[in-house]
Structure formats: C-alpha cells, structure tokens
2 protein chains.
Amino acid sequence: MTSLQVSSQYSRDAVAHLGKLIRIARQERHMTAQELAERAGISRGLVQRIEKGDLKCNIGAVFEVAAIVGICLFEMDEKGLKQHSHHAAEKLALLPKSVRKTKKVLDDDF
Amino acid sequence: MTSLQVSSQYSRDAVAHLGKLIRIARQERHMTAQELAERAGISRGLVQRIEKGDLKCNIGAVFEVAAIVGICLFEMDEKGLKQHSHHAAEKLALLPKSVRKTKKVLDDDF
DNA sequence: GTTATATGTTCTATATATGAACCAAAACTA
DNA sequence: TAGTTTTGGTTCATATATAGAACATATAAC
C-alpha cells in the first residue's frame with residue numbers, strides 16, 4: 001500500500017489556488033475560520049488545511065466550504081449545474097458503455 | 001465524532017457533475033478506468049467512486065484524474081493558474097490578517 | 001454464437017484523514 | 001499599553017477512506 005500519491009504540478013496548483021480563493025472570500029465576508037467550519041459541519045483544523053491547499057481533504061468538504069463563501073464551481077448556478085449535468089448524462093449515454101482497445105497491437109507502425 | 005457530514009445540494013451536484021465530466025472525458029479518450037487509475041497513481045475503485053460523485057474522495061486524487069483526462073479546473077491553463085493565484089495572494093495581502101467581529105454584541109436591536 | 005475485456009460490486013486490512021484539545025504568536029480593539 | 005480574539009502549529013485517538021483481491025455481470029470484438 002503506502003500510496004505514492006504522486007500529483008501533477010497542475011493539480012497541486014489548482015488545489016492551492018482554490019484554497020486561496022476560499023480564504024479571500026471568507027475574509028471578505030468577515031467570517032472566521034471557526035464560523036465557516038461550523039457552517040460546513042467540519043472542524044476548524046480542516047478549514048485551515050483546505051485553505052492551505054492540502055491535497056488530502058475530502059472533496060465534499062472543500063466544495064461545501066467553497067459554496068458557503070460564495071465560490072461557484074464551474075461558474076454555474078445550481079439550476080444550470082443540474083441542466084449541464086443532464087446534458088452530460090445524455091452525452092454519456094451516446095458513448096460506448098465500456099472502452100475497448102483496438103486490439104491491433106501494432107498497426108500504426110508502417 | 002462520527003461527522004454528520006451534511007452537505008448542500010449544490011456541492012453534491014457539483015461533485016456529481018465533475019464525476020460525470022471525468023467519465024465522459026475518459027471514455028472519449030478511449031481510456032479504461034484501470035489505465036486512468038494507474039496514471040493517477042490510485043486504485044481503480046477510487047476512480048469509480050470519483051466518477052460516481054463520491055464526496056469522500058481526497059481532492060488531490062479528483063483533481064489529478066480530472067487533469068489527466070483534460071478537464072481544466074477553473075478553466076485556466078497552468079500558467080494562468082499560477083498568475084491568477086499570484087493575484088489572489090496579492091489580494092489576500094491587502095485584506096486584514098484576521099477577521100474580527102464588530103464586538104458590538106447587540107446594537108442592531110433598536 | 002464465443003471469447004476477451006471492462007465495469008460493477010462486494011469484502012478485508014491498513015494507512016491516514018479528521019476532530020479535539022492544546023499552546024503560542026499574531027492581530028485587532030479599546 | 002493591556003486585553004481579547006483569531007490564527008497557526010502542534011500532538012493524539014479514532015473513525016474511515018483507500019488499496020487490493022475476488023467475483024459476477026455487461027459489453028465489445030471476433
């Protein structure tokens with residue numbers, strides 16, 4: 001086990017960036033970390049780790065905190081999110097249920 | 001303990017939506033869940049939970065998987081992410097270091 | 001049709017994320 | 001200045017997320 005947990009620079013930057021946005025939004029709303037934690041139903045320590053950009057936080061807590069301070073993920077409101085999600089489901093329905101390799105091991109080497 | 005883990009409808013929808021996007025992007029790239037898992041350095045089971053919209057997945061894994069299949073969080077490239085993050089840092093520097101309640105316990109009751 | 005592969009779904013062991021209770025330093029207020 | 005509050009950084013106990021395997025089902029290729 002002992003997962004290596006290698007992560008790309010991009011995803012690390014993205015998580016760190018989201019953390020900074022959350023902290024800024026929280027400060028702008030004059031909310032303490034404790035208040036935000038209580039509203040999200042999590043501990044203050046977790047809020048701190050989220051704002052610091054800790055990769056090992058559960059995404060539910062991160063998104064919840066972000067939503068509370070007014071950060072719209074996907075830049076969509078709730079209704080638009082549902083609609084777009086429905087569209088995604090339709091798109092998914094058109095795709096093959098499972099991915100299959102062409103099985104032709106080497107046919108692009110000519 | 002036993003965290004209630006109450007989450008808003010919005011954040012649940014957002015996570016579920018992101019999961020669908022990941023699955024669609026993966027299928028479109030003809031990538032199996034196993035391949036995606038190996039590239040992200042996680043297990044296939046975790047990939048499935050991410051695609052299903054499980055709130056209890058660590059955000060590092062989710063963002064890493066999303067990045068691999070080409071989903072740009074915040075709709076920014078890596079460079080723009082760094083820049084915007086830097087801008088966020090500047091904005092943060094201007095804000096007060098700590099949030100303080102007005103301390104007037106009840107002055108809005110007249 | 002058959003075969004091979006991907007996905008879905010359980011289960012268990014274990015690494016670890018989380019909450020709680022600290023303390024210390026920073027920062028805001030009077 | 002002192003006094004209050006927020007924040008940051010520990011440590012520790014424990015709930016739990018994760019990996020891994022094993023199996024069944026579904027699906028695509030042949």
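Order of the sequence lines sets the chain letters (A, B, ...), proteins ahead of strands, with each chain counted from 1.
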[N] [atom2] sits how many Å from [X] [atom1], rounded?
X	N	atom1	atom2	value
A:Glu38	C:dA20	CD	P	11 Å
A:Leu46	D:dT7	CG	P	15 Å
B:Gln27	C:dA6	CD	P	12 Å
B:Ile42	D:dA17	CD1	P	15 Å
B:His30	C:dT7	NE2	P	13 Å
B:Ile50	D:dA17	CD1	C1'	12 Å
A:Leu36	D:dT6	CG	P	13 Å
B:Glu35	C:dT5	CD	C1'	12 Å

Donor-acceptor pair, side chain of [X] and main chain of [Y], under 3.5 angstrom:
X	Y	result
A:Tyr10	B:Phe63	no
A:Glu51	A:Gln48	no
B:Arg29	B:Val69	yes
B:Gln27	B:Ile24	no

Q: Return the set of residues passing salt bridge (charged side-chain N to carboxylate O under 4.0 Å, His left out) with B:Glu28 (not counting sequence neighbours), or none when no residue passes.
A: A:Lys91
Q) Below 4.0 angstrom, N of the basic side chain to O of the carboxylate: do A:Glu38 and A:Arg44 qualify? A) no
Q) Of A:Gln34 and B:Val47, whose nearest nucleotide on DNA chain D comes first from the 5' end? A) A:Gln34
Q. B:Glu64 and A:Ser7: side-chain donor and acceptor closer than 3.5 Å?
A. no
Give every pair of a protein N or O atom and an N or O atom of nucleotides 8-11 of chain C that lie under 3.5 Å apart, one pair per line with the distance.
from, atom 1, to, atom 2, distance (Å)
C:dG8, OP1, B:Arg23, NH2, 3.1
C:dG8, OP2, B:Arg23, NH2, 3.0
C:dG8, OP2, B:Gln48, OE1, 3.1
C:dG8, N7, B:Arg44, NH1, 3.3
C:dG8, O6, B:Arg44, NH2, 2.9

Q | Path from A:Ile71 to A:Ile68 over hydrophobic side-chain contacts below 4.5 Å | A | yes
Atom pairs, protein N/O to nucleotides 25-28 of chain C N/O, distance under 3.5 Å:
from, atom 1, to, atom 2, distance (Å)
C:dA27, N3, B:Arg100, NH2, 3.2
C:dC28, OP1, B:Lys97, N, 2.8
C:dC28, O2, B:Arg100, NH1, 3.3

(Q) Do A:Leu18 and B:Ile59 make a side-chain contact, defined as non-hydrogen atoms from C-beta onward lying under 4.5 Å apart? (A) yes
